[in-house]
Amino acid sequence: MTTADAFALGDAATDARTDTQTDARTDVRTSAQTDTALRFPAGFRWGAATAAYQIEGAASADGRGPSIWDTFSRAPGNVLNGDTGDIAADHYHRVPEDVALLKRLGVSDYRFSVAWPRIQPTGRGPALQRGLDFYRRLVDALLEAGIRPVATLYHWDLPQQLEVLGGWPRRETAERFAEYAGIVGAALGDRVHDWTTFNEPWCAAFLGYASGVHAPGRTEPVAALRAAHHLNLAHGLGTAALRAVLPHPAAVSLTLNLHAVRPLTGSAADLDAARRIDAVGNRIFLDPVFHGRLPEDLVRDTAGLTDWSFVRDGDLAAAAAPVDWLGINYYSPTLVAAAPAAEPGPSPRSPGVAEPSPWVGAQPYVRLLPAPGPRTAMDWPVDAGGLYELLTRLRDELPGVPLLITENGAAYADYADPEGAVHDPDRIAYLHGHLAAVHAAMADGADVRGYFVWSLMDNFEWAHGYSKRFGLVHVDFATQRRTVKDSGRWYAGVIARGGLPA
Ligand code: IFM
């Protein structure tokens with residue numbers, strides 16, 4: 001029996017009824033709180049998401065070049081247990097099995113990313129046909145299964161050679177990205193209608209170039225600001241390149257991991273701390289992409305570091321190329337308070353230890369605090385209220401921009417029991433609470449068109465290696481056996497009924 005055979009939608013409906021027993025749901029303070037059978041509108045897009053480096057493996061197959069994550073993960077000390085994405089979930093060789101799993105879950109949409117080094121091994125020059133063929137096979141299998149492909153062009157796997165030349169702090173990387181976007185759009189645009197330029201450029205810029213916990217592992221605050229600008233520019237140039245080759249109609253979007261920032265108190269100092277985090281965490285992307293401007297307060301906050309002269313005339317107008325929808329990735333809120341000036345705040349990951357901060361211009365004025373409440377295996381607080389807050393903020397600030405939740409989910413210490421089942425009630429509770437928050441935000445006017453669980457399957461969780469499991473599907477990395485978790489069955493029930501159970 002294959003793993004995909006191991007469950008059926010009939011089971012999912014049964015399982016869906018049992019989730020009323022989970023009562024650890026986060027309070028969402030809205031009118032919908034008392035509605036026990038929340039239905040989503042017809043046509044709501046139900047999906048699951050993955051990213052190339054996290055699942056594909058096959059790191060040097062068919063001419064793929066090295067990415068910054070290959071280099072970073074192979075260097076000792078960067079990734080827990082020395083894990084790499086060399087094999088990952090071996091998705092590269094298991095597309096039929098994985099698409100069958102998606103079909104059994106009943107998703108309408110699948111969000112995946114294209115690995116730039118499979119298409120242009122050094123980040124420039126002619127496309128590798130074998131790389132394009134892999135994604136064409138994947139897309140064809142999805143379409144055959146009745147699943148809409150949603151393609152992300154960049155989920156952090158920059159070709160290593162472009163990093164050698166300077167990486168995202170270098171302007172030319174944005175130009176190279178536009179070229180790559182045009183190549184992939186031309187090759188797949190006849191069958192992919194939903195495109196996302198970047199996944200979470202905040203992580204690429206600030207975890208990659210400021211705190212250094214992600215590839216390429218640099219700890220240069222100004223380089224991180226330059227990277228953020230060039231990612232915005234690349235988004236704009238890439239959007240234009242896509243629109244030039246895609247048949248009409250096609251949707252082009254961007255996915256941001258916006259921070260639901262909460263000040264600890266209403267004091268002026270705490271409010272200012274929240275403003276600083278909002279500037280470098282959120283508005284550094286929202287303002288250029290949606291308003292063609294830099295946040296003035298961010299420029300002020302970072303004046304001691306840079307005069308931003310790397311922003312050239314026309315860049316902000318280019319970054320503001322209109323998008324068809326905005327993707328939101330949400331996991332937990334960000335609680336902040338003021339820190340006494342000139343005293344570095346403690347690291348939220350290693351309390352008491354000062355370390356390079358991703359919050360360029362906000363440190364040393366801000367302390368990030370551990371938010372109260374239950375936590376996932378990432379030690380992230382479970383708080384669906386933050387998702388509601390973000391969605392209603394965007395309703396007010398970006399009227400007319402449809403929203404998709406392109407990632408939401410949780411890691412827990414899942415394991416297959418002797419009968420081969422994976423029971424993950426905490427994940428079911430997490431998903432239920434967050435879907436209720438989405439529903440509440442929609443009831444209050446947020447234009448949310450769909451929701452994607454992160455992730456379809458357990459995978460390489462960046463600096464945590466394989467130690468954190470986010471999947472609806474459990475992967476035994478020794479055998480590559482896939483087992484649908486209880487949460488996968490539950491989610492299938494949600495999709496089948498178009499909403500949360502009573
Ligand atoms: O695994 C990541 C994903 O690659 C980007 N968003 C957050 C997820 C969980 O950390």
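Along the sequence shown, residues are numbered consecutively beginning with 1. Predicted model, so just to flag it, every value in this text is computed and none were measured. Just follow the structure's listing: the first ligand is 1, and inside any ligand the first atom is 1.
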Above 12 or not: heavy atoms from other molecules or residues under 6.0 Å from CG of Leu398?
-> yes
Note: Arg262-Glu389 ion pair, threshold 4.0 Å (strictly below) | yes
For Asp109, salt bridge (charged side-chain N to carboxylate O under 4.0 Å, His left out) partners two or more places apart = Arg45, Arg148
Taking NZ, NE, NH1 and NH2 as the nitrogens, is one of them in Arg427 or Asp486 under 4.0 Å from a carboxylate oxygen of the other?
-> no
Before accepting this row, confirm whether a basic side-chain N of the pair Glu397/Arg283 lies closer than 4.0 Å to the acidic partner's carboxylate O.
-> no
Is there any protein N/O under 3.5 Å from an N/O of ligand 1, and what does the full list of such pairs look like?
{"unit_1": "ligand 1", "atom_1": "1 (O)", "unit_2": "Gln54", "atom_2": "NE2", "d": "2.9"}
{"unit_1": "ligand 1", "atom_1": "1 (O)", "unit_2": "Trp454", "atom_2": "NE1", "d": "3.3"}
{"unit_1": "ligand 1", "atom_1": "1 (O)", "unit_2": "Glu461", "atom_2": "OE1", "d": "2.6"}
{"unit_1": "ligand 1", "atom_1": "4 (O)", "unit_2": "Gln54", "atom_2": "OE1", "d": "2.7"}
{"unit_1": "ligand 1", "atom_1": "4 (O)", "unit_2": "His155", "atom_2": "NE2", "d": "2.7"}
{"unit_1": "ligand 1", "atom_1": "4 (O)", "unit_2": "Trp462", "atom_2": "NE1", "d": "2.8"}
{"unit_1": "ligand 1", "atom_1": "6 (N)", "unit_2": "Glu200", "atom_2": "OE1", "d": "3.3"}
{"unit_1": "ligand 1", "atom_1": "6 (N)", "unit_2": "Glu200", "atom_2": "OE2", "d": "2.7"}
{"unit_1": "ligand 1", "atom_1": "6 (N)", "unit_2": "Glu407", "atom_2": "OE1", "d": "2.5"}
{"unit_1": "ligand 1", "atom_1": "10 (O)", "unit_2": "Glu461", "atom_2": "OE2", "d": "2.6"}

May I ask you to say whether Asp426 pairs ionically with Arg375, meaning some side-chain N is under 4.0 Å from a carboxylate O?
-> no
